[in-house]
Enquirer: 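My questions will all concern the structure given below.
Order of listing sets the numbers, starting from 1, for every ligand and every atom in it. Worth knowing before you read on, the calculation uses all heavy atoms, side chains too, and leaves out hydrogens, waters and symmetry mates.
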Amino acid sequence: MAFIEVRSLTKKYGAAVYALNHTSFTVEKGEWVAVMGPSGSGKSTLLNIIGGLDVPTSGQVLVDGQDGAALGAAARARFRAERIGFIFQQYHLVPYLTTLENVMLAQYFHSMADEEEAANALRCVGLGDRLHHLPAQLSGGEQQRACIARALINQPDLILADEPTGNLDEVNEAIVMSLMAQLHRQGRTVIVVTHDPAIARMAERRIELHKGRLTEVKLFAHHQEEELRDELLHAVWKAQETYGTVGVRAESLPEFAASRATFILMESGGWIELGEGRVSLTAKGEQRARHVIRRHRLAERLFYDTFGVAEELLDENAQRVEHSLTPEVTEKICIFLHHPETCPHGSPIPRGECCRQAPRPG
Ligand code: ADP
Ligand code: MG
């Protein structure tokens with residue numbers, strides 16, 4: 001049996017409105033699934049039923065073999081609190097409690113409230129200096145990060161997020177998605193409702209709802225051509241940096257050396273030039289590589305400076321989110337981080353337009 005089994009799920013409002021109409025699918029443990037579809041297509045209804053916040057008209061949802069609807073209200077609330085972390089578009093923080101108290105409130109079902117544990121969860125989302133602020137004193141992005149800390153405090157194995165970045169600016173969107181990527185990396189199952197195709201691309205699988213019916217389930221090819229290109233350009237740039245040469249021997253790109261087809265494909269795309277066993281970047285390739293390196297190293301900075309992620313995990317974390325960063329968002333992150341000159345490992349971050357207009361830190 002899969003971790004989540006959605007079986008012919010139907011939710012009817014009145015006589016005519018089917019929010020969900022015999023929807024079925026499964027989710028494996030540790031999967032990251034994006035749910036997309038137009039407004040009113042039943043996405044929130046689906047998430048609420050999976051999470052036990054709502055019950056279906058007919059059909060069934062099993063989470064780890066457990067049918068939430070078959071439990072009494074109290075047992076369902078407990079199951080929810082212990083196993084599931086919710087992240088909503090509206091933050092639902094209690095307005096008269098501090099950030100710390102809001103997170104501690106969520107510990108209630110789990111164990112005794114533990115202030116140090118709650119403070120740590122907030123430090124992990126970059127809110128270590130906002131523990132005693134009220135929600136109204138936080139920005140939207142900070143409130144959403146507080147919600148993530150609250151959702152994580154009980155170590156849930158299932159994260160349900162309903163348009164978690166819907167109300168955020170692009171920098172906070174990148175921060176929140178970085179946090180989601182971290183959660184997934186830790187082995188949690190993540191289901192995220194989103195309108196944003198860039199965010200949906202970060203997931204491993206996409207489910208589309210249309211008028212309460214599941215119309216499409218697309219599996220993403222693991223290595224789409226664009227990502228392969230960016231990885232190759234990244235590798236060439238890094239090797240050039242390491243050896244201090246223009247052009248590098250194919251053997252110094254071990255992850256690509258075995259696949260001559262990749263080189264030929266990228267040469268025909270005008271990204272690289274091949275000659276005498278050496279690979280070099282064309283002008284177009286160099287421009288792209290500069291952006292690829294810049295967003296990768298800025299993403300590492302973001303993980304390092306904002307969340308205190310350990311150095312050896314930065315590369316992996318950055319790889320997960322960088323493909324969703326457009327040049328505009330990359331620039332905003334650069335401004336947010338005050339135009340850092342190097343990545344946390346000390347390699348230079350290529351300058352962008354925004355850096356030329358702003359003085360660099362001493
Ligand atoms: P989405 O999240 O995809 O925008 P929803 O799941 O919120 O869609 O809603 C799906 C459909 O069910 C919509 O047509 C909506 O109007 C209807 N609906 C949702 N909640 C209720 C409710 N409490 N009463 C009546 N209709 C509802
Ligand atoms: Mg909705």
Enquirer: Has the side chain of Glu82 got a donor or acceptor atom that lies under 3.5 Å from a matching backbone atom of Pro156?
Expert: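 Judged by distance alone, no pair lies under 3.5 Å.
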
Enquirer: Give the residue, atom name and distance (to 0.1 Å) of the protein heavy atom nearest atom 7 (O) of ligand 1.
Expert: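 Answer for atom 7 (O) of ligand 1: Ser44 CB, 3.8 Å.
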
Enquirer: State the atoms of ligand 1, each with its element, that fall below the 4.0 Å cut-off from a heavy-atom position in Ser41.
Expert: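 Those of ligand 1 that fall under 4.0 Å from Ser41 are 1 (P), 3 (O), 8 (O).
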
Enquirer: Contact between Glu117 and Met104 at the side-chain level, heavy atoms closer than 4.5 Å - yes or no?
Expert: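 Of all side-chain heavy-atom pairs linking Met104 with Glu117, none is under 4.5 Å.
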
Enquirer: What protein heavy atom sits nearest atom 5 (P) of ligand 1, and how far off is it?
Expert: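 In this structure, atom 5 (P) of ligand 1 has Thr45 OG1, 3.6 Å as its nearest protein heavy atom.
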
Enquirer: Is a side-chain N or O of Lys43 found less than 3.5 angstrom from the main chain of Gly37, in a donor-acceptor match?
Expert: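 Checking the backbone N and O of Gly37 against the side chain of Lys43, a donor-acceptor pair under 3.5 Å is found.
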
Enquirer: Decide yes or no for Asn172 and Glu142: does some side-chain heavy atom of the first lie under 4.5 Å from some side-chain heavy atom of the second?
Expert: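 When only atoms from C-beta onward are counted, Glu142 and Asn172 do not touch, as no gap falls below 4.5 Å.
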
Enquirer: Which heavy atom of the protein is the closest neighbour of atom 8 (O) of ligand 1, given with residue, atom name and distance?
Expert: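 I find the closest protein heavy atom is Gly42 N, 3.2 Å.
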
Enquirer: In ligand 1, which numbered atoms sit nearer than 4.0 Å to a non-hydrogen atom of Pro38?
Expert: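 Numbered from 1, ligand 1 contributes 3 (O).
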
Enquirer: Is any heavy atom of the protein nearer than 4.0 Å to atom 16 (O) of ligand 1?
Expert: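 No; the ligand atom in question lacks any protein heavy-atom contact below 4.0 Å.
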
Enquirer: May I ask you to establish whether Arg290 and Trp237 are in a cation-pi arrangement, using a distance under 6.0 Å from NZ or CZ to the six-membered ring centre and at most 45° from the ring axis?
Expert: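 Pair Arg290/Trp237 does not count as cation-pi.
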
Enquirer: Taking only Lys NZ, Arg NE, NH1 and NH2, and the carboxylate oxygens of Asp or Glu, determine whether Glu286 and Arg288 approach each other closer than 4.0 Å.
Expert: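 Looking at Arg288 together with Glu286, the answer is no, because their closest N to O distance does not fall below 4.0 Å.
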
Enquirer: State whether Glu322 and Arg294 are salt-bridged, where the test is any N-O pair (Lys NZ or Arg NE/NH1/NH2 against Asp/Glu carboxylate O) under 4.0 Å.
Expert: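 Salt bridge between Glu322 and Arg294, a charged N being under 4.0 Å from a carboxylate O: no.
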
Enquirer: Can Gly40 be said to touch ligand 1, with heavy atoms closer than 4.0 Å?
Expert: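 Heavy atoms of Gly40 do come under 4.0 Å of ligand 1.
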
Enquirer: Does Ser252 use its side chain to pair, donor to acceptor, with the backbone of Val248 at less than 3.5 Å?
Expert: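 Not confirmed, Ser252 side chain does not pair with Val248 backbone.
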
Enquirer: Does atom 27 (C) of ligand 1 have any protein heavy atom closer than 4.0 Å?
Expert: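 Yes, there is a protein heavy atom closer to it than 4.0 Å.
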
Enquirer: Would you say that Pro135 contacts Asn102 through its side chain, given a criterion of any heavy-atom pair below 4.5 Å between the two side chains?
Expert: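 A side-chain contact exists here, since the closest heavy-atom pair is under 4.5 Å.
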
Enquirer: Any nitrogen or oxygen of Ala19, main chain or side chain, under 3.5 Å from a nitrogen or oxygen of ligand 1?
Expert: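 Min N/O separation from ligand 1 is not below 3.5 Å for Ala19.
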
Enquirer: Relative to each other, are the rings of Trp32 and His184 parallel, tilted or perpendicular (30° and 60° limits)?
Expert: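 It falls in the tilted class, 30° to 60°.
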
Enquirer: May I ask whether Gly14 has any heavy atom positioned less than 4.0 angstrom from an atom of ligand 1?
Expert: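 Distance cut 4.0 Å: Gly14 fails for ligand 1.
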
Enquirer: Just to confirm my output: which protein heavy-atom neighbour is closest to atom 18 (N) of ligand 1, and how far is it?
Expert: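 Heavy-atom neighbour on the protein nearest atom 18 (N) of ligand 1: Tyr13 CE1, 3.3 Å.
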
Enquirer: Tell me the protein N, O or S atoms under 2.8 Å from the Mg ion (ligand 2), in chain and number order.
Expert: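 Those protein N, O or S atoms (cut-off: under 2.8 Å from the Mg ion (ligand 2)) are Ser44 OG.
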
Enquirer: Strictly below 4.0 Å, N to O, side chains only: are Arg7 and Glu5 in salt-bridge contact?
Expert: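 Yes, this pair counts.
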
Enquirer: Between Phe86 and Phe88, how do the two ring planes meet: parallel, tilted or perpendicular, split at 30° and 60°?
Expert: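 Parallel.
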
Enquirer: Is the closest N or O pair between Val17 and ligand 1 shorter than 3.5 Å?
Expert: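 By distance alone, the answer is no.
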
